[in-house]
Amino acid sequence: MVPKIKNGILNIDKPQGITSHDVVDAIRKLFPNTKVGHTGTLDPLATGVLPICIGEATKLTNHITSEDKMYQVKMLLGVETDTYDITGKIMFASVVNKDEIYIKERIKRFIGRQSQIPPMYSAIRVEGKHAYTLAREGKEVELAPREIEIFSIDNIYVNLETKIVSFDVSCTKGTYIRSLVNDIGKNIGCGATMIELRRIKTGNFLIEDSIPLYDYLKLEYFEMLDKIISIEEYYKESKKIILEANEYNQFLNGVKLPCETQEKIVRVYTNNVFHGLGIVEDNKLKRYIIE
C-alpha cells in the first residue's frame with residue numbers, strides 16, 4: 001500500500017542550470033496527483049534554498065515567498081551585461097582602477113531602504129508578457145522601481161587581480177541581486193555583473209538543513225516522505241489553539257470564533273490532535289488550512 005503523502009515543505013538545494021519550475025516538475029513526478037509549488041524564483045544560474053510546498057502547504061507559498069532572504073554573491077568588476085549576469089551580452093567594459101577600501105566603502109553604501117529597478121530580463125509581467133520575453137524581442141521594457149531593504153552586507157572579499165568581489169547580503173523579498181550588483185558597479189564607477197549567486201536562507205529555511213535536488217531524487221520513497229517538513233512542525237513556535245468538538249465544527253464551517261492573540265497564524269487542535277492552521281484578525285479566528 002502506497003503511504004499517504006503528507007502536506008508540508010521540502011527544503012531543496014536547487015542546482016545550477018535548471019529553473020525553479022524544473023524543480024517543481026521533478027517533485028510532481030515523484031508525487032503524482034499532488035499539488036506542488038515553489039516559493040521564490042531562483043534564476044537558472046543561481047543555486048541554494050528553494051522551499052517546495054506540497055499538498056495543502058501550497059497555500060503557504062505566498063507567505064514563505066514574503067520572508068526575508070540571505071545570499072552569497074560573486075560579481076565581476078569592469079563589465080556590464082544586458083541581463084546583469086554572465087549569461088548576458090556585454091554592454092560595457094572598463095578598467096578597474098579603484099582600491100579595496102574604496103570598493104568596500106561603495107558596497108556598504110547600499111545597506112538600508114532604497115528604490116530598486118528590476119532587470120529587463122526578469123519574470124515580471126508587463127501587459128501580460130514576461131519582461132524577459134519582451135526584452136528578447138528587442139522591445140524597450142520600462143519596469144517600475146520597487147521599495148526594498150538591504151539589512152546587511154558582510155564578508156566582503158575583494159580580489160583586484162581577478163576583479164572578483166564576493167559578499168553576503170541579507171534583504172527583503174523582491175530584491176533582485178542582479179540589479180544590486182549592477183547598481184554597485186555603477187556606484188564604483190567601473191561596472192559589474194553577477195557571476196555566482198547562492199541563496200543560503202529563506203525565512204527559517206537554512207542551506208545547512210537543505211538537501212540537494214539530485215540527492216533527494218536518489219532516496220527511497222519512505223526517505224523522501226521523511227524529508228517533508230509537516231505544516232505542524234513548520235509552525236511549531238506559533239500559538240496552539242485547542243477547540244472543543246462543537247467549536248471545531250463551527251470553525252470548519254467558516255464561523256469566526258473569538259480569539260485574543262497577537263499572532264497572525266495559529267495551530268488548531270481538538271483532543272491534542274492537529275487539524276490545521278487558523279488566521280486571527282481583529283481577535284477573530286477563522287479557518288486557513290485544514291489537513
Side-chain angles (χ1 to χ4, degrees), residues 20 39-43 45-50 62-88 91-92 94 96 98-126 130-132 134-135 140-158 163-205 207:
S20 298
T39 59
T41 303
L42 283 174
D43 293 333
L45 176 67
T47 65
V49 172
L50 183 68
N62 287 339
H63 171 72
I64 297 173
T65 300
S66 69
E67 298 277 11
D68 298 334
K69 315 288 194 300
M70 186 177 290
Y71 298 90
Q72 292 175 337
V73 188
K74 279 189 181 180
M75 65 183 190
L76 177 65
L77 298 176
V79 177
E80 286 184 4
T81 67
D82 56 352
T83 60
Y84 300 172
D85 64 26
I86 55 166
T87 67
M91 307 298 288
F92 171 82
S94 171
V96 180
K98 306 298 183 183
D99 62 25
E100 180 178 341
I101 294 174
Y102 181 88
I103 291 169
K104 286 184 175 181
E105 187 274 331
R106 289 282 163 161
I107 292 172
K108 284 285 189 178
R109 288 188 180 189
F110 283 84
I111 296 173
R113 292 182 178 274
Q114 58 205 270
S115 182
Q116 183 189 73
I117 299 176
M120 291 189 305
Y121 287 84
S122 64
I124 294 173
R125 289 191 175 273
V126 179
H130 290 300
Y132 61 73
L134 297 172
E140 286 292 324
V141 181
E142 287 191 21
L143 298 176
R146 53 176 62 185
E147 294 303 310
I148 63 158
E149 184 171 0
I150 305 297
F151 300 118
S152 64
I153 300 178
D154 299 306
N155 303 320
I156 304 174
Y157 176 74
V158 179
K163 302 179 185 177
I164 292 176
V165 177
S166 62
F167 56 87
D168 298 342
V169 58
S170 177
C171 57
T172 54
K173 71 160 189 173
T175 302
Y176 278 89
I177 304 301
R178 286 182 289 141
S179 286
L180 175 65
V181 166
N182 184 71
D183 292 341
I184 288 173
K186 290 184 183 302
N187 197 263
I188 293 171
C190 60
T193 195
M194 192 180 78
I195 59 174
E196 284 184 24
L197 181 65
R198 183 158 178 77
R199 187 155 66 197
I200 57 175
K201 184 180 179 183
T202 291
N204 294 324
F205 294 99
I207 192 67

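For this chain, numbers begin at 1 and follow the sequence in order.
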Report yes if some heavy atom in the side chain of [X] is under 4.5 Å from a heavy atom in the side chain of [Y]; otherwise report no.
{"X": "Ile107", "Y": "Val165", "value": "yes"}
{"X": "Thr175", "Y": "Lys69", "value": "no"}
{"X": "Leu180", "Y": "Tyr71", "value": "no"}
{"X": "Phe110", "Y": "Ile184", "value": "yes"}
{"X": "Asp43", "Y": "Arg178", "value": "yes"}
{"X": "Glu80", "Y": "Thr193", "value": "no"}

Donor-acceptor under 3.5 Å ([X] side chain, [Y] main chain):
{"X": "Arg198", "Y": "Ile207", "value": "no"}
{"X": "Thr83", "Y": "Gly88", "value": "yes"}
{"X": "Ser179", "Y": "Ile117", "value": "yes"}
{"X": "Arg146", "Y": "Gly174", "value": "yes"}
{"X": "Arg199", "Y": "Val49", "value": "yes"}

Could you tell me the separation between the [atom1] atom of [X] and the [atom2] atom of [Y], rounded to the nearest 0.5 Å?
{"X": "Lys163", "Y": "Ile103", "atom1": "NZ", "atom2": "CD1", "answer": "11.0 Å"}
{"X": "Ser170", "Y": "Lys201", "atom1": "OG", "atom2": "NZ", "answer": "7.0 Å"}
{"X": "Met194", "Y": "Ile177", "atom1": "CE", "atom2": "CD1", "answer": "8.0 Å"}

